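Just so it is clear, the structure is predicted and the values come from calculations on it, not from any experiment. FYI, side chains are in, hydrogens and waters are out, and symmetry mates aren't considered; it's all heavy atoms of this structure.
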Amino acid sequence: MSNDKSDLRWGVEQRLEFIEFRLFWEGHVNRIDLMDQFGVSVNQASMDLNRYIGFAQDNMVYDKSARTYVRGPGFKPRFLEPDASRYLAQLRSVADGILDREDSWIADLPPYAASPTPVRGVDPVTLRSVVGAIRRSEAIEVKYQSLSNPEPRWRWIAPHAIAFDGFRWHARAYCLSDEVFKDFLLSRMIEIRGSTETAVVPSDDAEWNDDVILEIGPHPDLSPTQAKVIALDYGMDGGKAAIKVRRALLYYALRRLGLDTDPGARAPQDQQIVLLNAAQISSSARPPSASGRSV
């Protein structure tokens, strides 16, 4: 049996990744896990386990008393890079009902809770129309409810990307009425009634295509112990961390991180982090104008 991963078919490689996922996160895996997750036969599940052993002999050993394979002491990933963010995202997706329990690779879900987030009413047909317009490089006529007008009005927009500000979903688009690139909330799109070709080029959206680096560090008025804790929370190295964000989303990023106010306006224990390169951000990478934010 070849131990060259490049020879593997996609389905086989996915099952080997699953074996490794279970070994790393759960500590054990057996044939029934593969059969339940992928609907394969007993023979196929056994072949997959043997194939995995051929690639990584030291990664798992058979526990006769438990009748299952367990993670070996010399375990080293071969098919995936363990990622805490992906694990937690999968946990949240299952707990929030976004991902069906049987589609998750996590065997034993730990108890989970999160602060509630208001449900954003994005219509699936609206989203389909916006995504279709992006794929076909078209403009669409949208009945849109903005905060600046008491009644919704029709306007032509040319969307080129989807964005998330941490709370709401947007379409990044060129507004043919105002002749400027803006963020349009998908939940405020009431109706879409037409489409047409457009000459709008996404590369012309300078704010979308320009990246800004936010350098954050612990609030200077925290004690050394408190600052160390905050550095751990944010994965800082040398007392700072770098966060890359599109300039079009800078306003939202600063607001979500609590960096849109004067650091002295709140107690250090509440503010926790500060923007170390605030002068550079304000001078060389201006925040998106009000016309560029969601309307």
Side-chain angles (χ1 to χ4, degrees), residues 117-215 242-262 275 277-295:
T117 300
V119 177
R120 302 297 179 179
V122 178
D123 182 80
V125 175
T126 296
L127 178 60
R128 183 185 64 186
S129 299
V130 171
V131 172
I134 293 173
R135 289 172 178 162
R136 296 187 295 270
S137 299
E138 293 180 340
I140 52 177
E141 190 177 16
V142 176
K143 189 177 185 180
Y144 191 80
Q145 177 64 70
S146 68
L147 288 178
S148 58
N149 293 292
E151 298 295 332
R153 69 183 181 94
W154 289 96
R155 67 172 79 198
W156 283 91
I157 67 172
H160 69 81
I162 301 293
F164 184 63
D165 65 12
F167 296 99
R168 303 173 299 181
W169 288 96
H170 307 248
R172 183 68 180 179
Y174 183 79
C175 179
L176 279 71
S177 301
D178 298 336
E179 298 183 337
V180 68
F181 285 98
K182 293 183 179 181
D183 300 330
F184 292 90
L185 286 169
L186 294 175
S187 58
R188 294 183 188 170
M189 295 183 183
I190 299 173
E191 186 180 348
I192 298 176
R193 68 181 181 188
S195 63
T196 187
E197 294 181 358
T198 178
V200 175
V201 180
S203 59
D204 290 339
D205 188 350
E207 290 187 339
W208 178 263
N209 292 293
D210 183 28
D211 288 331
V212 177
I213 303 298
L214 305 179
E215 291 187 359
I243 302 174
K244 184 168 72 171
V245 60
R246 294 183 185 272
R247 183 150 53 93
L249 301 178
L250 178 59
Y251 168 81
Y252 308 113
L254 293 176
R255 185 174 62 176
R256 190 178 185 192
L257 291 169
L259 299 172
D260 57 339
T261 58
D262 188 328
L275 189 60
N277 61 337
Q280 179 184 354
I281 294 298
S282 60
S283 62
S284 64
R286 62 181 178 82
S289 62
S291 62
R293 300 198 298 267
S294 60
V295 291

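Between the side chain of N149 and the backbone N or O of E151, no donor-acceptor pair lies under 3.5 Å. At least one donor-acceptor pair under 3.5 Å links the side chain of D123 to the backbone N or O of T126. Judged by distance alone, with hydrogens and angles left aside, the side-chain atoms of N277 form a donor-acceptor pair with the main-chain N or O of E215 at under 3.5 Å.
Note: R188 CZ to H170 NE2 = 8.5 Å, rounded to the nearest 0.5 Å. Here S187 contributes atom OG and R168 contributes atom CZ; the two are 7.5 Å apart, rounded to the nearest 0.5 Å. A distance of 8.5 Å separates CH2 in W154 from CD1 in I192, rounded to the nearest 0.5 Å. Between the NZ atom in K143 and the CD1 atom in I190 there is a gap of 6.0 Å [rounded to 0.5 Å]. Rounding to the nearest 0.5 Å gives a distance of 9.0 Å between CG of D205 and CZ of R246. Atom CZ of R193 sits about 14.0 Å away from atom OG of S129, to the nearest 0.5 Å.
The side-chain heavy atoms of T198 and W156, taken from C-beta on, include no pair separated by under 4.5 Å. Residues L185 and Y144 meet the side-chain proximity criterion, which asks for heavy atoms closer than 4.5 Å. The shortest distance between side-chain heavy atoms of P159 and F184 does not fall below 4.5 Å. The side-chain heavy atoms of D204 and F181, taken from C-beta on, include a pair separated by under 4.5 Å. In this structure the side chain of I162 never reaches within 4.5 angstrom of the side chain of F164, judged on heavy atoms. Between D178 and R155, the closest side-chain pair of non-hydrogen atoms falls below 4.5 Å.
By the ring-ring contact (aromatic ring centres under 6.0 Å, His included) test, W208 pairs with H160, sequence neighbours left out.
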- Query: Should L254 and L214 be marked as a side-chain contact (heavy atoms from CB on, under 4.5 Å) after you check the CA-CA gap, both sets of side-chain angles, and the distance that decides it?
  - Reply: CA-CA 9 Å; L254 293 176; L214 305 179; 4.2 Å; yes
- Message: Show, in sequence, the C-alpha distance, side-chain angles and deciding distance for L250 and I281, and conclude whether the side-chain contact (heavy atoms from CB on, under 4.5 Å) test is met.
- Response: CA-CA 10 Å; L250 178 59; I281 294 298; 3.9 Å; yes
- Message: Y174 vs E179, test: side-chain contact (heavy atoms from CB on, under 4.5 Å). Steps then yes/no.
- Response: CA-CA 7 Å; Y174 183 79; E179 298 183 337; 3.3 Å; yes
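The shortest heavy-atom contact between I140 and A133 is CG2-CB, 3.7 Å. Nearest heavy-atom pair, L275 versus L259, reported as atom, atom and distance to 0.1 Å: N-CD2, 3.8 Å.
Listed by first and then second residue, the salt bridge (charged side-chain N to carboxylate O under 4.0 Å, His left out) pairs involving residues 249-259 amount to none (not counting sequence neighbours). Listed by first then second residue, pairs satisfying salt bridge (charged side-chain N to carboxylate O under 4.0 Å, His left out) with a partner in residues 124-140 read R136-E138, not counting sequence neighbours.
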